[in-house]
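Worksheet: the structure to be examined is printed underneath.
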2 protein chains.
Amino acid sequence: MGVTERKAREKEELKRQILDAARELFVRDGYESVSMRKIADKIEYSPATIYTYFKDKDEILDCLCEETFLKLHVDKLAAAHQMKGDALQALKKGMETYIRFGLEHPEHYIVTFMLRAAPYHGPRARETRKAKTGQQCFDDMRNLVRRCMEEGKIMKADVEETSQALWAGIHGVTALLITLPGFPFVERERLIRRTLEILVRGISPHGK
Amino acid sequence: MGVTERKAREKEELKRQILDAARELFVRDGYESVSMRKIADKIEYSPATIYTYFKDKDEILDCLCEETFLKLHVDKLAAAHQMKGDALQALKKGMETYIRFGLEHPEHYIVTFMLRAAPYHGPRARETRKAKTGQQCFDDMRNLVRRCMEEGKIMKADVEETSQALWAGIHGVTALLITLPGFPFVERERLIRRTLEILVRGISPHGK
DNA sequence: TTTAGACGGTGAACGGTGTTCACACTATCC
DNA sequence: GGATAGTGTGAACACCGTTCACCGTCTAAA
(Lines give C-alpha, C1' and ligand atoms only; values in the text may rest on other atoms or scores of the structure.)
Protein backbone atom coordinates (compact mmCIF):
# COMPACT_ATOMS: atom_id res chain seq x y z
CA MET A 1 0.00 0.00 0.00
CA GLY A 2 2.29 2.79 -1.27
CA VAL A 3 -0.63 5.18 -1.45
CA THR A 4 0.15 7.04 1.73
CA GLU A 5 3.75 7.43 0.65
CA ARG A 6 2.77 8.69 -2.78
CA LYS A 7 0.39 11.22 -1.24
CA ALA A 8 3.03 12.41 1.13
CA ARG A 9 5.48 12.72 -1.73
CA GLU A 10 3.03 14.70 -3.84
CA LYS A 11 2.31 16.96 -0.94
CA GLU A 12 6.00 17.52 -0.43
CA GLU A 13 6.41 18.28 -4.12
CA LEU A 14 3.78 20.98 -4.10
CA LYS A 15 5.29 22.44 -0.96
CA ARG A 16 8.63 22.54 -2.79
CA GLN A 17 6.97 24.24 -5.75
CA ILE A 18 5.51 26.91 -3.51
CA LEU A 19 8.86 27.52 -1.84
CA ASP A 20 10.70 27.75 -5.16
CA ALA A 21 8.16 30.12 -6.63
CA ALA A 22 8.18 32.23 -3.49
CA ARG A 23 11.96 32.42 -3.31
CA GLU A 24 12.23 33.49 -6.92
CA LEU A 25 9.59 36.18 -6.46
CA PHE A 26 10.96 37.40 -3.11
CA VAL A 27 14.39 37.65 -4.64
CA ARG A 28 13.18 39.56 -7.65
CA ASP A 29 10.59 41.86 -6.10
CA GLY A 30 11.19 41.83 -2.35
CA TYR A 31 9.08 40.27 0.36
CA GLU A 32 6.60 43.07 0.74
CA SER A 33 5.87 43.34 -2.96
CA VAL A 34 5.07 39.67 -3.42
CA SER A 35 1.49 38.74 -2.67
CA MET A 36 0.08 35.32 -1.97
CA ARG A 37 -1.94 35.73 -5.12
CA LYS A 38 1.20 36.22 -7.20
CA ILE A 39 2.78 33.11 -5.73
CA ALA A 40 -0.41 31.21 -6.41
CA ASP A 41 -0.47 32.48 -9.99
CA LYS A 42 3.07 31.31 -10.54
CA ILE A 43 2.36 27.75 -9.47
CA GLU A 44 -1.07 27.82 -11.10
CA TYR A 45 -3.07 27.11 -7.97
CA SER A 46 -5.58 29.17 -6.10
CA PRO A 47 -4.29 31.44 -3.30
CA ALA A 48 -6.28 29.48 -0.74
CA THR A 49 -4.38 26.30 -1.57
CA ILE A 50 -1.16 27.73 -0.19
CA TYR A 51 -2.75 27.87 3.23
CA THR A 52 -3.04 24.09 3.24
CA TYR A 53 0.74 23.93 3.17
CA PHE A 54 1.79 27.00 5.11
CA LYS A 55 0.21 28.71 8.06
CA ASP A 56 0.71 32.13 6.52
CA LYS A 57 3.03 34.23 4.38
CA ASP A 58 5.58 34.60 7.14
CA GLU A 59 5.96 30.86 7.43
CA ILE A 60 6.99 30.64 3.79
CA LEU A 61 9.70 33.18 4.42
CA ASP A 62 10.69 31.28 7.51
CA CYS A 63 11.19 28.05 5.58
CA LEU A 64 13.29 29.81 2.98
CA CYS A 65 15.46 31.22 5.73
CA GLU A 66 16.01 27.78 7.14
CA GLU A 67 17.24 26.50 3.80
CA THR A 68 19.61 29.38 3.35
CA PHE A 69 21.11 28.91 6.78
CA LEU A 70 21.78 25.31 5.93
CA LYS A 71 23.65 26.18 2.75
CA LEU A 72 25.78 28.74 4.53
CA HIS A 73 26.53 26.16 7.20
CA VAL A 74 27.84 23.75 4.56
CA ASP A 75 29.94 26.41 2.88
CA LYS A 76 31.53 27.40 6.15
CA LEU A 77 32.29 23.81 7.08
CA ALA A 78 34.03 23.35 3.76
CA ALA A 79 36.06 26.49 4.29
CA ALA A 80 37.02 25.44 7.79
CA HIS A 81 37.94 21.96 6.66
CA GLN A 82 40.24 23.39 4.04
CA MET A 83 42.21 25.05 6.85
CA LYS A 84 41.97 22.17 9.24
CA GLY A 85 45.40 22.67 10.69
CA ASP A 86 45.22 26.26 11.85
CA ALA A 87 42.18 27.29 13.89
CA LEU A 88 42.81 31.00 13.44
CA GLN A 89 43.20 30.58 9.69
CA ALA A 90 39.97 28.58 9.67
CA LEU A 91 38.21 31.32 11.58
CA LYS A 92 39.44 33.97 9.17
CA LYS A 93 38.48 31.88 6.19
CA GLY A 94 35.10 31.20 7.73
CA MET A 95 34.41 34.87 8.20
CA GLU A 96 35.49 35.62 4.67
CA THR A 97 33.27 32.84 3.39
CA TYR A 98 30.38 34.32 5.28
CA ILE A 99 30.83 37.72 3.67
CA ARG A 100 31.27 36.29 0.19
CA PHE A 101 28.23 34.08 0.65
CA GLY A 102 26.16 37.12 1.49
CA LEU A 103 27.43 39.12 -1.47
CA GLU A 104 26.98 36.22 -3.86
CA HIS A 105 23.44 35.53 -2.67
CA PRO A 106 22.26 38.97 -1.67
CA GLU A 107 18.67 37.97 -2.12
CA HIS A 108 19.00 35.01 0.25
CA TYR A 109 21.03 37.03 2.66
CA ILE A 110 18.43 39.76 2.78
CA VAL A 111 15.67 37.26 3.34
CA THR A 112 17.48 35.58 6.19
CA PHE A 113 19.36 38.30 8.01
CA MET A 114 17.93 41.60 6.98
CA LEU A 115 14.19 41.19 7.07
CA ARG A 116 12.24 41.51 10.24
CA ALA A 117 9.57 38.86 9.94
CA ALA A 118 7.71 39.99 13.00
CA PRO A 119 7.09 43.37 14.56
CA TYR A 120 10.06 44.23 16.64
CA HIS A 121 8.28 43.85 19.95
CA GLY A 122 6.17 41.08 21.28
CA PRO A 123 7.55 37.55 21.45
CA ARG A 124 6.76 35.35 18.49
CA ALA A 125 6.70 31.59 18.56
CA ARG A 126 7.77 31.62 14.94
CA GLU A 127 10.80 33.74 15.69
CA THR A 128 12.13 30.82 17.63
CA ARG A 129 12.51 28.57 14.62
CA LYS A 130 14.42 31.09 12.57
CA ALA A 131 16.49 31.99 15.58
CA LYS A 132 17.23 28.35 16.30
CA THR A 133 18.43 27.59 12.79
CA GLY A 134 20.51 30.72 12.89
CA GLN A 135 22.03 29.61 16.13
CA GLN A 136 22.97 26.26 14.64
CA CYS A 137 24.79 27.96 11.82
CA PHE A 138 26.31 30.39 14.26
CA ASP A 139 27.70 27.42 16.19
CA ASP A 140 30.40 27.02 13.53
CA MET A 141 31.86 30.35 14.36
CA ARG A 142 31.57 29.85 18.09
CA ASN A 143 33.42 26.57 17.90
CA LEU A 144 36.22 28.09 15.91
CA VAL A 145 36.48 30.99 18.31
CA ARG A 146 36.66 28.58 21.22
CA ARG A 147 39.38 26.55 19.57
CA CYS A 148 41.36 29.67 18.84
CA MET A 149 41.14 30.71 22.47
CA GLU A 150 42.13 27.30 23.74
CA GLU A 151 45.13 27.27 21.45
CA GLY A 152 46.02 30.79 22.56
CA LYS A 153 45.64 32.11 19.05
CA ILE A 154 43.36 34.90 20.21
CA MET A 155 42.95 36.74 23.47
CA LYS A 156 41.01 35.03 26.21
CA ALA A 157 37.53 36.38 26.74
CA ASP A 158 33.93 35.31 26.80
CA VAL A 159 33.43 33.00 23.81
CA GLU A 160 29.81 33.93 23.18
CA GLU A 161 30.43 37.64 23.47
CA THR A 162 33.42 37.48 21.16
CA SER A 163 31.69 35.33 18.56
CA GLN A 164 28.69 37.57 18.42
CA ALA A 165 30.79 40.69 18.14
CA LEU A 166 32.73 39.15 15.25
CA TRP A 167 29.49 38.15 13.62
CA ALA A 168 28.26 41.72 13.97
CA GLY A 169 31.41 42.89 12.24
CA ILE A 170 31.12 40.67 9.21
CA HIS A 171 27.39 41.15 9.01
CA GLY A 172 28.04 44.88 8.95
CA VAL A 173 30.18 44.87 5.81
CA THR A 174 27.95 42.41 4.06
CA ALA A 175 24.78 44.28 4.86
CA LEU A 176 26.17 47.69 3.98
CA LEU A 177 27.55 46.54 0.64
CA ILE A 178 24.24 44.96 -0.23
CA THR A 179 22.04 47.75 1.04
CA LEU A 180 23.83 50.84 -0.18
CA PRO A 181 25.26 50.01 -3.60
CA GLY A 182 25.21 53.72 -4.41
CA PHE A 183 27.44 54.72 -1.51
CA PRO A 184 31.01 55.70 -2.48
CA PHE A 185 32.60 52.72 -0.81
CA VAL A 186 36.27 52.03 -1.08
CA GLU A 187 36.98 49.19 -3.49
CA ARG A 188 35.05 46.16 -2.27
CA GLU A 189 37.97 43.78 -1.77
CA ARG A 190 39.91 46.36 0.16
CA LEU A 191 36.98 47.05 2.46
CA ILE A 192 36.49 43.36 3.16
CA ARG A 193 40.19 42.80 3.80
CA ARG A 194 40.45 45.82 6.07
CA THR A 195 37.39 44.86 8.06
CA LEU A 196 38.65 41.34 8.61
CA GLU A 197 42.05 42.76 9.51
CA ILE A 198 40.59 45.06 12.14
CA LEU A 199 38.42 42.33 13.60
CA VAL A 200 41.23 39.79 13.79
CA ARG A 201 43.59 42.35 15.20
CA GLY A 202 40.93 43.28 17.72
CA ILE A 203 40.94 39.80 19.17
CA SER A 204 44.63 39.00 18.80
CA PRO A 205 46.45 37.92 21.94
CA HIS A 206 49.32 40.41 21.46
CA GLY A 207 49.71 43.66 23.32
CA LYS A 208 47.70 44.79 26.26
CA MET B 1 -1.71 91.72 4.56
CA GLY B 2 -0.56 88.95 6.82
CA VAL B 3 -3.05 86.55 5.33
CA THR B 4 -0.57 84.70 3.17
CA GLU B 5 1.76 84.35 6.10
CA ARG B 6 -0.95 83.09 8.38
CA LYS B 7 -2.08 80.55 5.79
CA ALA B 8 1.44 79.34 5.33
CA ARG B 9 1.85 79.06 9.08
CA GLU B 10 -1.38 77.13 9.46
CA LYS B 11 -0.33 74.82 6.68
CA GLU B 12 2.98 74.26 8.36
CA GLU B 13 1.22 73.55 11.63
CA LEU B 14 -0.94 70.83 10.17
CA LYS B 15 2.11 69.34 8.46
CA ARG B 16 3.80 69.28 11.85
CA GLN B 17 0.74 67.64 13.37
CA ILE B 18 0.81 64.91 10.74
CA LEU B 19 4.50 64.30 11.28
CA ASP B 20 4.13 64.17 15.05
CA ALA B 21 1.20 61.78 14.88
CA ALA B 22 2.99 59.60 12.35
CA ARG B 23 6.19 59.48 14.36
CA GLU B 24 4.39 58.44 17.50
CA LEU B 25 2.51 55.69 15.68
CA PHE B 26 5.52 54.47 13.68
CA VAL B 27 7.62 54.20 16.79
CA ARG B 28 4.92 52.40 18.71
CA ASP B 29 3.58 50.05 16.04
CA GLY B 30 6.15 49.95 13.26
CA TYR B 31 5.94 51.49 9.82
CA GLU B 32 4.07 48.66 8.14
CA SER B 33 1.40 48.45 10.81
CA VAL B 34 0.49 52.10 10.66
CA SER B 35 -2.03 53.00 8.01
CA MET B 36 -2.78 56.39 6.56
CA ARG B 37 -6.27 56.00 8.02
CA LYS B 38 -4.85 55.62 11.52
CA ILE B 39 -2.71 58.70 11.13
CA ALA B 40 -5.74 60.57 9.83
CA ASP B 41 -7.81 59.38 12.78
CA LYS B 42 -5.24 60.61 15.22
CA ILE B 43 -5.20 64.13 13.86
CA GLU B 44 -8.96 64.04 13.24
CA TYR B 45 -8.82 64.68 9.52
CA SER B 46 -9.81 62.55 6.58
CA PRO B 47 -7.14 60.26 5.10
CA ALA B 48 -7.28 62.14 1.81
CA THR B 49 -6.21 65.36 3.51
CA ILE B 50 -2.78 63.97 4.25
CA TYR B 51 -2.11 63.78 0.53
CA THR B 52 -2.36 67.56 0.31
CA TYR B 53 0.70 67.74 2.52
CA PHE B 54 2.67 64.65 1.57
CA LYS B 55 3.06 62.86 -1.72
CA ASP B 56 2.63 59.45 -0.12
CA LYS B 57 3.27 57.44 3.01
CA ASP B 58 6.94 57.04 2.21
CA GLU B 59 7.44 60.76 2.11
CA ILE B 60 6.17 61.07 5.66
CA LEU B 61 8.70 58.54 6.87
CA ASP B 62 11.35 60.23 4.78
CA CYS B 63 10.73 63.55 6.47
CA LEU B 64 10.87 61.89 9.87
CA CYS B 65 14.15 60.23 8.95
CA GLU B 66 15.68 63.50 7.94
CA GLU B 67 14.71 65.00 11.27
CA THR B 68 15.93 61.96 13.15
CA PHE B 69 19.31 61.86 11.51
CA LEU B 70 19.83 65.51 12.01
CA LYS B 71 19.44 64.66 15.66
CA LEU B 72 22.01 61.86 15.34
CA HIS B 73 24.42 64.35 13.83
CA VAL B 74 23.84 66.69 16.75
CA ASP B 75 24.12 63.88 19.29
CA LYS B 76 27.43 62.79 17.84
CA LEU B 77 28.74 66.33 17.82
CA ALA B 78 27.73 66.67 21.46
CA ALA B 79 29.39 63.39 22.32
CA ALA B 80 32.53 64.44 20.52
CA HIS B 81 32.49 67.85 22.16
CA GLN B 82 32.16 66.27 25.57
CA MET B 83 35.44 64.48 24.88
CA LYS B 84 37.00 67.41 23.14
CA GLY B 85 40.44 66.78 24.49
CA ASP B 86 40.83 63.19 23.43
CA ALA B 87 40.08 62.37 19.82
CA LEU B 88 40.08 58.65 20.45
CA GLN B 89 37.61 59.01 23.30
CA ALA B 90 35.47 61.15 21.04
CA LEU B 91 35.57 58.49 18.34
CA LYS B 92 34.60 55.79 20.81
CA LYS B 93 31.79 57.87 22.21
CA GLY B 94 30.64 58.73 18.71
CA MET B 95 30.44 55.09 17.71
CA GLU B 96 28.55 54.23 20.85
CA THR B 97 26.17 57.10 20.24
CA TYR B 98 25.57 55.80 16.74
CA ILE B 99 24.61 52.34 17.95
CA ARG B 100 22.34 53.59 20.69
CA PHE B 101 20.71 55.96 18.30
CA GLY B 102 19.91 53.17 15.87
CA LEU B 103 18.43 51.02 18.61
CA GLU B 104 16.31 53.87 19.88
CA HIS B 105 14.95 54.67 16.43
CA PRO B 106 14.78 51.28 14.74
CA GLU B 107 12.14 52.31 12.23
CA HIS B 108 14.17 55.25 11.01
CA TYR B 109 17.39 53.30 11.06
CA ILE B 110 15.86 50.58 8.95
CA VAL B 111 14.56 52.99 6.39
CA THR B 112 17.80 54.84 5.88
CA PHE B 113 20.39 52.10 6.26
CA MET B 114 18.72 48.76 5.89
CA LEU B 115 16.35 49.05 2.98
CA ARG B 116 17.88 48.37 -0.37
CA ALA B 117 17.29 50.96 -3.02
CA ALA B 118 15.17 49.22 -5.59
CA PRO B 119 17.42 49.61 -8.61
CA TYR B 120 14.87 48.83 -11.27
CA HIS B 121 12.14 51.16 -10.10
CA GLY B 122 11.81 54.57 -11.61
CA PRO B 123 13.57 57.82 -10.77
CA ARG B 124 14.19 58.40 -7.12
CA ALA B 125 14.86 61.93 -6.13
CA ARG B 126 14.04 60.77 -2.65
CA GLU B 127 16.96 58.37 -2.61
CA THR B 128 19.34 61.24 -3.11
CA ARG B 129 18.07 63.06 -0.07
CA LYS B 130 18.43 59.97 2.06
CA ALA B 131 21.92 59.23 0.77
CA LYS B 132 22.98 62.79 1.49
CA THR B 133 21.78 62.61 5.07
CA GLY B 134 23.64 59.35 5.55
CA GLN B 135 26.80 60.74 4.02
CA GLN B 136 26.69 63.74 6.33
CA CYS B 137 26.50 61.45 9.34
CA PHE B 138 29.38 59.40 8.05
CA ASP B 139 31.45 62.56 7.65
CA ASP B 140 31.53 62.98 11.42
CA MET B 141 33.17 59.63 11.82
CA ARG B 142 35.69 60.19 9.05
CA ASN B 143 36.84 63.43 10.62
CA LEU B 144 37.34 61.81 13.99
CA VAL B 145 39.28 58.93 12.45
CA ARG B 146 41.53 61.38 10.66
CA ARG B 147 42.19 63.33 13.84
CA CYS B 148 43.03 60.14 15.69
CA MET B 149 45.52 59.15 13.05
CA GLU B 150 47.12 62.57 12.98
CA GLU B 151 47.50 62.47 16.74
CA GLY B 152 48.91 58.97 16.57
CA LYS B 153 46.06 57.60 18.66
CA ILE B 154 45.35 54.87 16.18
CA MET B 155 47.45 53.03 13.66
CA LYS B 156 48.21 54.81 10.44
CA ALA B 157 46.24 53.54 7.48
CA ASP B 158 43.89 54.71 4.79
CA VAL B 159 41.37 57.02 6.46
CA GLU B 160 38.49 56.13 4.18
CA GLU B 161 39.09 52.40 4.41
CA THR B 162 39.36 52.50 8.17
CA SER B 163 36.31 54.70 8.65
CA GLN B 164 34.17 52.50 6.47
CA ALA B 165 35.33 49.34 8.21
CA LEU B 166 34.49 50.86 11.57
CA TRP B 167 31.14 51.96 10.27
CA ALA B 168 30.52 48.42 9.06
CA GLY B 169 31.29 47.20 12.56
CA ILE B 170 28.88 49.43 14.39
CA HIS B 171 26.26 49.05 11.70
CA GLY B 172 26.58 45.31 12.17
CA VAL B 173 25.62 45.27 15.85
CA THR B 174 22.90 47.79 15.37
CA ALA B 175 21.36 45.99 12.42
CA LEU B 176 21.56 42.55 14.00
CA LEU B 177 19.97 43.67 17.23
CA ILE B 178 17.17 45.32 15.32
CA THR B 179 16.62 42.56 12.79
CA LEU B 180 16.84 39.46 14.96
CA PRO B 181 15.17 40.33 18.25
CA GLY B 182 14.52 36.63 18.83
CA PHE B 183 18.15 35.58 18.62
CA PRO B 184 19.73 34.63 21.95
CA PHE B 185 22.15 37.49 22.02
CA VAL B 186 24.42 38.06 24.94
CA GLU B 187 23.16 40.87 27.11
CA ARG B 188 22.84 43.91 24.89
CA GLU B 189 25.18 46.21 26.78
CA ARG B 190 27.90 43.59 26.90
CA LEU B 191 27.65 42.96 23.18
CA ILE B 192 27.90 46.63 22.39
CA ARG B 193 30.84 47.09 24.73
CA ARG B 194 32.68 44.08 23.37
CA THR B 195 32.14 45.09 19.76
CA LEU B 196 33.47 48.56 20.39
CA GLU B 197 36.38 47.07 22.30
CA ILE B 198 37.34 44.79 19.42
CA LEU B 199 37.02 47.56 16.86
CA VAL B 200 39.09 50.02 18.85
CA ARG B 201 41.68 47.39 19.64
CA GLY B 202 41.75 46.52 15.96
CA ILE B 203 42.88 50.00 15.02
CA SER B 204 45.10 50.70 18.00
CA PRO B 205 48.67 51.77 17.24
CA HIS B 206 50.22 49.22 19.61
CA GLY B 207 51.91 46.05 18.56
CA LYS B 208 52.45 44.89 15.05
C1' DT C 1 -19.61 -3.13 -6.14
C1' DT C 2 -21.43 0.14 -3.42
C1' DT C 3 -20.96 3.68 -0.03
C1' DA C 4 -19.20 6.66 3.63
C1' DG C 5 -15.61 9.51 4.62
C1' DA C 6 -11.29 11.94 4.26
C1' DC C 7 -8.99 15.35 1.89
C1' DG C 8 -6.96 18.43 -1.74
C1' DG C 9 -8.42 22.49 -4.03
C1' DT C 10 -11.30 26.68 -4.73
C1' DG C 11 -14.58 30.90 -5.40
C1' DA C 12 -16.24 34.20 -2.87
C1' DA C 13 -16.09 37.03 0.71
C1' DC C 14 -14.25 39.88 4.89
C1' DG C 15 -11.89 43.52 6.56
C1' DG C 16 -8.10 45.76 5.79
C1' DT C 17 -4.46 48.68 2.80
C1' DG C 18 -2.47 53.09 -0.16
C1' DT C 19 -4.11 56.26 -3.21
C1' DT C 20 -7.11 59.15 -6.42
C1' DC C 21 -10.65 62.28 -7.73
C1' DA C 22 -14.82 64.86 -8.42
C1' DC C 23 -17.00 67.67 -5.52
C1' DA C 24 -18.42 70.82 -1.46
C1' DC C 25 -17.32 74.46 1.21
C1' DT C 26 -15.17 78.65 2.71
C1' DA C 27 -12.28 82.40 3.02
C1' DT C 28 -10.24 85.85 0.16
C1' DC C 29 -9.98 89.26 -3.53
C1' DC C 30 -11.91 92.33 -7.13
C1' DG D 1 -22.07 90.53 -4.78
C1' DG D 2 -19.63 87.49 -7.55
C1' DA D 3 -15.52 85.22 -9.18
C1' DT D 4 -11.64 82.57 -7.57
C1' DA D 5 -8.35 79.77 -5.20
C1' DG D 6 -7.52 76.41 -2.21
C1' DT D 7 -8.60 73.19 1.82
C1' DG D 8 -10.99 69.03 3.19
C1' DT D 9 -13.73 64.92 2.07
C1' DG D 10 -16.77 60.68 0.76
C1' DA D 11 -16.65 57.35 -2.27
C1' DA D 12 -14.38 54.56 -5.04
C1' DC D 13 -10.42 51.67 -7.14
C1' DA D 14 -7.30 48.11 -7.07
C1' DC D 15 -4.97 45.72 -4.31
C1' DC D 16 -3.65 42.89 0.11
C1' DG D 17 -3.63 38.45 3.69
C1' DT D 18 -6.67 35.31 5.23
C1' DT D 19 -10.93 32.36 6.06
C1' DC D 20 -14.57 29.26 5.05
C1' DA D 21 -18.34 26.78 3.05
C1' DC D 22 -18.32 23.87 -0.52
C1' DC D 23 -17.17 20.74 -4.44
C1' DG D 24 -15.16 17.06 -6.44
C1' DT D 25 -12.14 12.95 -6.29
C1' DC D 26 -9.93 9.29 -4.52
C1' DT D 27 -9.49 5.71 -0.69
C1' DA D 28 -10.99 2.25 2.52
C1' DA D 29 -14.38 -0.35 4.60
C1' DA D 30 -18.85 -3.02 4.01
Side-chain angles (χ1 to χ4, degrees), chain A residues 1-19 21-23 25-26 28-64 111 115-119 122 124-126, chain B residues 1-19 21-23 25-26 28-64 107 111 115 118 121-122 124 126:
Chain A
M1 196 62 49
V3 172
T4 321
E5 285 80 354
R6 198 200 68 220
K7 285 247 178 176
R9 201 176 56 240
E10 279 172 5
K11 207 169 164 168
E12 213 52 43
E13 270 166 20
L14 186 44
K15 197 165 181 175
R16 214 11 316 130
Q17 246 184 292
I18 295 173
L19 284 175
R23 164 159 274 147
L25 290 176
F26 286 167
R28 209 190 53 197
D29 302 329
Y31 181 68
E32 302 294 344
S33 306
V34 176
S35 68
M36 295 300 254
R37 286 165 177 86
K38 284 180 191 164
I39 299 175
D41 269 6
K42 199 173 173 66
I43 59 170
E44 297 177 301
Y45 278 81
S46 110
T49 301
I50 300 181
Y51 289 86
T52 320
Y53 297 84
F54 297 94
K55 191 179 146 294
D56 54 23
K57 195 184 169 188
D58 278 352
E59 197 179 77
I60 298 180
L61 183 60
D62 231 41
C63 278
L64 292 177
V111 165
L115 286 185
R116 254 187 332 180
R124 276 273 182 278
R126 209 183 293 116
Chain B
M1 196 65 45
V3 171
T4 321
E5 285 80 355
R6 198 200 68 221
K7 286 247 178 177
R9 199 177 58 238
E10 280 172 5
K11 205 168 166 171
E12 212 53 43
E13 270 166 20
L14 185 43
K15 197 165 180 176
R16 214 16 309 136
Q17 255 190 88
I18 295 172
L19 284 175
R23 159 162 281 144
L25 292 176
F26 286 166
R28 207 191 56 198
D29 303 329
Y31 180 68
E32 303 293 344
S33 306
V34 176
S35 68
M36 294 301 257
R37 286 167 176 84
K38 284 179 191 163
I39 299 175
D41 268 7
K42 200 172 172 67
I43 59 171
E44 297 177 298
Y45 278 81
S46 110
T49 301
I50 300 181
Y51 290 86
T52 322
Y53 297 84
F54 297 94
K55 190 180 144 292
D56 54 25
K57 196 184 170 189
D58 279 352
E59 196 178 78
I60 297 179
L61 187 53
D62 228 43
C63 276
L64 291 177
E107 292 300 327
V111 169
L115 289 185
H121 290 335
R124 44 218 161 98
R126 220 186 280 128

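Here is the naming used below: chain letters follow the sequence lines, and residue numbers restart at 1 for every chain.
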Shortest non-hydrogen separation from [X] to [Y] and the atoms involved:
| X | Y | answer |
| --- | --- | --- |
| A:R23 | A:L64 | NH2-O, 3.0 Å |
| B:R37 | B:P47 | CG-CG, 3.9 Å |
| B:I50 | B:A40 | CD1-N, 3.9 Å |
| A:K55 | A:E59 | N-OE1, 3.0 Å |
| B:K42 | B:A21 | CD-CB, 3.8 Å |

Minimum side-chain heavy-atom gap B:I39-B:F54 below 4.5 Å: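 No; the side chains remain at least 4.5 Å from each other.
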Taking C-beta and beyond as the side chain, do B:K11 and B:K15 meet within less than 4.5 Å on heavy atoms? no
In whole Å, what is the span from the [atom1] atom of [X] to the [atom2] atom of [N]?
| X | N | atom1 | atom2 | value |
| --- | --- | --- | --- | --- |
| A:E12 | C:dG8 | CD | C1' | 15 Å |
| B:I50 | D:dG10 | CD1 | P | 13 Å |
| A:Q17 | C:dG9 | CD | C1' | 14 Å |
| B:Y45 | C:dA24 | OH | P | 21 Å |
| A:Y53 | C:dG8 | OH | C1' | 6 Å |
| B:K11 | D:dG6 | NZ | P | 9 Å |

Within the pair A:T49 and C:dT10, is there a side-chain N or O less than 4.0 Å away from OP1 or OP2?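 True: A:T49 side-chain N/O within range (under 4.0 Å) of C:dT10 OP1/OP2.
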Distance check: side-chain N/O of A:S46 vs OP1/OP2 of C:dG11, anything under 4.0 Å?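 For A:S46, the contact criterion (side-chain N or O under 4.0 Å from OP1 or OP2 of C:dG11) is not met.
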Name all residues meeting the ring pair (Phe, Tyr, Trp, His ring centres under 6.0 Å) criterion together with A:Y45; count only those two or more places apart in sequence or in a different chain, and write none if there are none. none
Could you check B:D58 against B:Y31 for side chain to side chain contact (heavy atoms under 4.5 Å, CB included), going step by step and ending with a plain yes or no? CA-CA 9 Å; B:D58 279 352; B:Y31 180 68; 2.4 Å; yes
Angle between the two end axes of the helix from C:dT1-D:dA30 to C:dC30-D:dG1, five base pairs per end, rounded to 10 degrees? 20°
Between the protein and nucleotides 15-18 of chain D, list the N/O to N/O atom pairs that are separated by less than 3.5 angstrom.
residue, atom, partner, partner atom, Å
D:dC16, OP1, A:S35, OG, 2.8
D:dG17, OP1, A:V34, O, 3.3
D:dG17, OP1, A:M36, N, 3.2
D:dG17, OP1, A:K57, NZ, 3.2
D:dG17, OP2, A:M36, N, 2.7
D:dG17, N7, A:R37, NH1, 2.5
D:dG17, N7, A:R37, NH2, 3.4
D:dG17, O6, A:R37, NH2, 2.8
D:dT18, OP2, A:Y51, OH, 2.8
D:dT18, OP2, A:K57, N, 2.9
D:dT18, O5', A:Y51, OH, 3.3

